Structures are given as structure tokens and as C-alpha cells.
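Working notes, structure below.
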Amino acid sequence: MGIVTRRSLALGLTATAALFVVTGCGSDDSPSADTTTQVSAPQVGLTPFTAAPAASLSGAPLDRDALQRAALTLSELPADFDIVPDPVDDLGLAPAPESSEADKSSTDPAVCAQVLAPIATQAPESVADLSDMFTGPDFTSIDQDSASYADGTAAAAAFEKLQTTLAGCAEYSGTDADGTKITYRVGGASGPNVGDASFAFRIITESGGFTLVADAIVAAVGTTLTQVSATAPSAIAPDVLHSMASAAADRLRAQTP
């Protein structure tokens with residue numbers, strides 16, 4: 001869903017796998033030079049996802065400039081994070097093709113591909129949307145994805161649709177662009193409410209013996225939905241995630257007419 005994207009998960013799994021390869025190799029003189037010992041991933045809990053009550057939302061939509069002003073900054077993130085430039089908007093590169101003959105990515109069941117899609121893709125007809133990605137130490141990433149809707153009815157429908165997708169995709173599988181198998185498990189999370197309405201969830205992604213944990217909070221502020229997520233080999237501290245989500249909601253509130 002939203003900012004818990006295929007891109008951030010793929011980058012995390014690739015980096016974690018690379019670390020395993022490097023740390024598993026000894027020198028030529030080492031007795032264990034030709035062997036590797038895989039350290040078991042920490043056990044992470046997962047509870048069933050439960051949808052939040054229907055949201056009663058109202059207000060005016062935000063345009064892309066307002067969403068940009070409301071976006072999280074490095075000062076609101078943990079230390080040692082840097083923003084990942086957008087290839088198109090920041091680097092001026094041509095948009096990547098949506099698919100190619102070499103792309104072997106897939107999702108089964110196909111509808112669960114929506115779990116990792118941006119909010120505006122899952123719930124179309126937003127007035128404006130914006131995504132930002134940050135990378136940090138130890139193969140961690142923090143992402144924010146926002147979409148603003150024309151009125152409260154449309155925003156509430158989007159809020160409900162995101163949860164419907166999560167509830168229907170407790171376990172699913174797929175492959176990345178290279179055809180490597182990936183399994184996904186989706187569950188719920190609890191915590192204080194954020195914004196006008198919110199819900200939280202967790203995705204545990206496993207591939208080739210490596211695990212990533214993505215924790216996310218989706219909050220509604222007026223007619224805008226924003227998702228803040230953190231992905232890493234182990235779960236982020238709940239209070240850190242809640243602090244970032246609260247800051248995101250406060251920044252949106254400051255931009256809402």
C-alpha cells in the first residue's frame with residue numbers, strides 16, 4: 001500500500017542479501033572461508049488486521065504544492081536519514097516503462113498488488129498526490145505517500161478501500177522483476193489515533209531467507225490521506241512511527257483551508 005512500495009521493499013531485500021553475502025565470506029586463510037552461517041531473522045509478531053470505524057471527513061482538497069509544503073522533512077525523522085531523489089521530478093530522467101519483456105514481477109492473487117500501490121492508485125480520482133522516500137542506516141527506509149480528494153465522501157471512500165484491500169490480503173505471494181519469489185503477510189497494529197481518523201498495519205516480507213518488516217500508519221486530515229511507513233530488517237519503535245505520523249498530520253492540518 002501507498003509508500004510501502006515494491007521499490008522500498010526490493011531495495012531493502014537486495015541490501016540485506018548483499019550484507020549476508022559479504023559477512024558470510026571469510027579470507028582465503030580462514031577455515032570457514034567457503035562456508036556461510038545465516039543468522040535467523042528476529043521473530044516479529046503479527047495480529048489480524050481489523051478495519052477502523054468508518055470515517056466522517058470534510059473539508060477542501062489540497063493541490064500538489066500544498067502537499068509538498070506539508071511533506072515531512074529530515075528534521076522530523078530519526079537521525080542519519082537522507083531523501084531519495086525522485087528520478088523524474090528531481091533528476092529529470094524519463095519515466096520508467098510500466099512494464100517490459102524482461103520484467104518477471106507478479107502477484108498472486110493479482111488484487112493484492114494493490115497493497116503496495118500508492119494511495120492515489122488504489123483509490124483513483126484524487127485531486128493531487130505526492131510520494132517521498134528516505135533511506136537510513138542498517139537498510140532502513142521511511143516513506144510518505146499522500147493523496148487529496150475533492151470532498152469528504154471521496155476521501156472516506158478511499159479510506160475504506162485501502163482497508164478492504166488489506167483485510168483481503170492477509171497472506172499472498174509474488175515475484176520481483178528478476179523472478180525471485182517473495183511472500184507477504186499482512187496484519188494489524190494498534191496505537192493512538194492520528195489526524196481525523198487513522199489505522200495502522202504491518203507487512204512482513206520474506207525472500208530467500210531474508211525478512212523485512214514494514215510498519216505503517218494511514219491518517220486522514222480533512223479530505224487528504226497520508227501514509228507514513230518504516231521498513232527495516234526489524235520493527236521500528238512504535239512511538240517513533242507515531243511521532244512521524246503525528247507530525248505529518250499536523251503539517252497537513254496547517255495547509256488545510
Side-chain angles (χ1 to χ4, degrees), residues 1-8 49 51-77 83-90 95 98 111 113-134 142-167 191-201 214-230 241-257:
M1 157 170 309
I3 214 66
V4 187
T5 60
R6 288 182 183 275
R7 180 187 179 200
S8 59
F49 177 77
S56 178
L57 305 174
S58 62
L62 301 181
D63 60 19
R64 185 176 173 85
D65 288 342
L67 290 180
Q68 186 65 68
R69 290 192 297 271
L72 289 171
T73 64
L74 292 176
S75 64
E76 287 137 348
L77 273 59
I83 191 166
V84 178
D86 183 275
V88 178
D89 294 341
D90 300 325
E98 292 187 5
V111 67
Q114 290 287 306
V115 170
L116 300 181
I119 293 174
T121 299
Q122 291 197 61
E125 301 182 3
S126 64
V127 173
D129 63 274
L130 184 74
S131 295
D132 287 314
M133 179 177 177
F134 306 86
I142 291 173
D143 307 272
Q144 183 183 15
D145 173 31
S146 301
S148 195
Y149 294 86
D151 54 38
T153 300
F159 188 79
E160 181 179 358
K161 189 175 189 301
L162 301 182
Q163 296 183 83
T164 299
T165 299
L166 290 170
N193 189 63
V194 177
D196 296 327
S198 66
F199 63 87
F201 66 96
D215 286 308
I217 294 175
V218 176
V221 177
T223 65
T224 300
L225 306 186
T226 191
Q227 176 182 249
V228 177
S229 66
L241 180 62
H242 183 264
S243 175
M244 292 189 293
S246 295
D250 290 344
R251 293 180 67 90
L252 282 172
R253 184 83 67 195
Q255 296 296 322
T256 301

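Source: prediction; values computed, not measured.
In this structure, I83 and M133 have side chains that are not in contact, with every pair of non-hydrogen atoms separated by 4.5 Å or more. Between I217 and Q227 the shortest side-chain heavy-atom distance does not fall below 4.5 Å. Using a 4.5 Å heavy-atom threshold, the side chains of V127 and D63 count as separate. Taking the side chain as every heavy atom from C-beta outward, M244 and Q144 never approach each other to under 4.5 Å. For the pair P118 and D129, the minimum side-chain heavy-atom distance is 4.5 Å or more. Looking only at side-chain heavy atoms (C-beta outward), R253 and D196 come within less than 4.5 Å of each other. A 4.5 Å side-chain heavy-atom check between T73 and F134 finds every atom pair outside the cut-off. The shortest distance between side-chain heavy atoms of L77 and L72 falls below 4.5 Å.
To the nearest 0.5 Å, atoms CZ (F49) and CD (Q163) are separated by 4.5 Å. One distance of note links OH of Y149 with OG1 of T224; it measures 9.5 Å at 0.5 Å rounding. Rounding to the nearest 0.5 Å gives a distance of 10.0 Å between CD of Q68 and OG of S146. Here the straight-line distance linking atom OG of S126 with atom CG of L62 works out to 11.5 Å at 0.5 Å rounding. In this structure, CD in Q122 is found 10.0 Å from OG1 in T164, a value given to the nearest 0.5 Å. Rounding to the nearest 0.5 Å gives a distance of 11.5 Å between CG of L130 and CZ of R69.
Among D215, D132, L241, D143, the one residue that satisfies the side chain to side chain contact (heavy atoms under 4.5 Å, CB included) test with V228 is L241.
Considering all non-hydrogen atoms of both residues, G59 and T223 come closest at O-CG2, 3.3 Å. Minimum heavy-atom separation, Q255 to A70: CG-CB, 3.8 Å. Closest heavy-atom contact between S131 and D145: OG-OD1, 3.1 Å. Looking at every heavy atom in both residues, S148 comes nearest to P61 through OG-CA, 3.4 Å. Scanning both residues, L57 and A156, for their nearest heavy atoms gives CD1-N, 3.8 Å. The two residues I142 and A230 have their closest heavy-atom pair at CG1-CB, 4.2 Å.
A donor-acceptor distance shorter than 3.5 angstrom exists from the side chain of R251 to the backbone of A71, with no hydrogens or angles considered. A donor-acceptor pair is defined here as one N or O able to donate and one able to accept, closer than 3.5 Å; no such pair exists between the side chain of T121 and the backbone of A117. When atom types are taken as modelled, the side chain of N193 and the backbone of S198 share a donor-acceptor pair closer than 3.5 angstrom.
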- How far apart are the C-alpha atoms of L162 and I119, what are their side-chain angles, what is the distance that settles it, and do they pass the side chain to side chain contact (heavy atoms under 4.5 Å, CB included) test? CA-CA 8 Å; L162 301 182; I119 293 174; 4.2 Å; yes
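Applying the 6.0 Å contact sphere to CD of E160 captures no more than 12 heavy atoms from other residues, nucleotides or ligands.
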